[in-house]
Amino acid sequence: MELLNSIMKRVPSISVLFSTGLCVVIPMLFYWVSSKMRRHDPPWKQEQPKDPIQRTMLPAGSSNDQYEE
């Protein structure tokens, strides 16, 4: 019983645990939403590959004409 009491004294309060949980969940939500939004960026806004082989493998709808050398 004494061991349980000493453990319970060291456990943070519910508000501290809740705040810690929010500090993890809120950034994860922002990251998830922003990655979902970035997936639908227009081709001109996406980073273009520097490798010449990758340039020819751009998705349909992107401008492959700009890479003619």
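The structure displayed is predicted, hence computed values, not measured ones.
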Next on the checklist: Quick check for you: to the nearest 0.5 Å, what is the distance between Lys36 atom NZ and Ser34 atom OG?
Outcome noted: 11.5 Å
Output a table of donor-acceptor pairs, distance under 3.5 Å, between side-chain atoms of residues 5-19 and any protein atom two or more places apart or on a different chain; print 'none' if there are none.
unit_1: Ser6; atom_1: OG; unit_2: Leu3; atom_2: O; d: 2.8
unit_1: Ser13; atom_1: OG; unit_2: Ser15; atom_2: OG; d: 3.2
unit_1: Ser19; atom_1: OG; unit_2: Ser15; atom_2: O; d: 2.9

Report, one line per pair, each donor and acceptor closer than 3.5 Å where one atom sits in a side chain of residues 23-32; sequence neighbours left out.
none

Next on the checklist: Applying side-chain hydrogen bond (donor to acceptor under 3.5 Å, both in side chains), can you list everything that pairs with Arg39, at least two apart in sequence or on another chain?
Outcome noted: none
